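This report refers to the structure that appears directly beneath it.
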Amino acid sequence: MSSSSNNNNSDSGAPSDATLHEKLAEFRKPAPPRPSNASVLFPELAKDLAANPANSGNLRGLFIVTVLKKGVRTEEWYMLFPGNSAPPTISRSRPSLPASSSGPAPPVVVLEVEDADILNFVTGGLQSVKAFVSGRVRVVGDLQVALELEDVFRKSGGVEKAMAFVKKAQNEGKLDKKKAKL
């Protein structure tokens, strides 16, 4: 028996393992892409703040949140807080700034954050100051207004509520169990 006949299927005419895997892959449907943390968390935040507008406090401003995946821009979210404990508008559509004859337009703050960091940022696991200083969340605009957003996140549920939401989302396959950690 020669050493070249060691389990080499090409001698027998049978397809190789690689060929079989390629043929099998043709019949498998690709797994649907997982939604981003932002697309799961921000609508939930909007629901919570609509039900409990007092959690918004007097925060007044437009937050433009640019979501990145490995440094590449993938989504943009808008959070318009009108102040006076009114519910904010949170969506992927650019809102119209309210016309106000009684004062200036709300301040605009642009935040840029990796999707993998959003869960920790929204739930308080990544504190604003630390996130800004470390560069994990980049801010353009009024830093003081940006810091007020952390209070809104904290008031609208905190870590306990987020933990319950994350477990539910992971069980439903909406969040990646390896990446979504508090």
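Hydrogens, waters and symmetry mates are skipped; everything else that's a heavy atom, side chains included, is used. Computed from a predicted model, the values in this text were never measured in an experiment.
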Heavy-atom pair with the smallest gap, counting every atom of Met79 and Leu45
CE-CD2, 4.4 Å
So which atom in Ala50 and which in Pro87 form the shortest heavy-atom distance, rounded to 0.1 Å?
CA-CB, 4.1 Å
One should read off an interatomic distance between Phe81 CZ and Asn58 CG, to the nearest 0.5 angstrom, of 12.5 Å
Roughly how far, to the nearest 0.5 Å, is CD of Gln127 from CG of Asn120?
11.0 Å
Donor-acceptor pair, distance only, cut-off 3.5 Å: does the side chain of Asn52 make one with the backbone of Asp48?
yes
Val72 with Val67, same ILVMFWY side-chain cluster at under 4.5 Å
no
Is it the case that over 12 heavy atoms from other parts of the model lie below 6.0 angstrom from the CZ atom of Arg94?
no
Main-chain N/O of Lys155 paired to Asn55 side chain as donor or acceptor, under 3.5 Å
yes
Residue pair Ser36, Glu75: steps toward the side-chain hydrogen bond (donor to acceptor under 3.5 Å, both in side chains) verdict
CA-CA 9 Å; Ser36 67; Glu75 297 177 36; 2.4 Å; yes
Test side-chain contact (heavy atoms from CB on, under 4.5 Å) applied to Pro43 - qualifying residues, sequence neighbours left out
Trp77
Which pair of non-hydrogen atoms, one from Ser134 and one from Ala131, has the smallest distance, and what is that distance?
OG-O, 3.3 Å
Find out whether Asp117 and Leu126 are in side-chain contact, i.e. whether some heavy atom of one side chain is under 4.5 Å from a heavy atom of the other.
yes
Pair Glu76-Val65, side-chain contact (heavy atoms from CB on, under 4.5 Å): steps then yes or no:
CA-CA 6 Å; Glu76 197 161 74; Val65 182; over 6 Å; no
Nearest heavy-atom approach of Ala38 to Asp115 is N-OD1, 3.0 Å
For a side-chain contact (heavy atoms from CB on, under 4.5 Å) check, start with the C-alpha distance between Val110 and Val139, then their side-chain angles and the critical distance, and finish with the verdict.
CA-CA 6 Å; Val110 178; Val139 180; over 6 Å; no
Taking Glu114 for the side chain and Lys70 for the main chain, is one N or O donor matched with an acceptor at less than 3.5 Å?
yes
Between Thr66 and Leu111, is any pair of side-chain heavy atoms under 4.5 Å apart?
no
Distance in Å, Asn84 CG paired with Leu59 CG, rounded so as to fall on 0.5 Å steps
11.0 Å
With a 4.5 Å limit on heavy-atom distance, are the side chains of Tyr78 and Phe63 in contact?
no
I need the minimum non-hydrogen distance between Glu112 and Leu68, along with the two atoms involved.
CG-CD1, 3.6 Å
Please tabulate, one pair per line, all N/O donor-acceptor pairs under 3.5 Å involving side-chain atoms of residues 143-152, not counting sequence neighbours.
{"residue": "Glu150", "atom": "OE1", "partner": "Ser128", "partner atom": "OG", "Å": "3.2"}
{"residue": "Glu150", "atom": "OE2", "partner": "Ser128", "partner atom": "N", "Å": "3.4"}
{"residue": "Asp151", "atom": "OD1", "partner": "Arg154", "partner atom": "NH2", "Å": "2.9"}

Using a 4.5 Å cut-off on heavy atoms from C-beta on, say whether the side chain of Val109 contacts that of Val140.
no
Residues Leu80 and Ser96: closest non-hydrogen pair is CD2-O, 3.8 Å
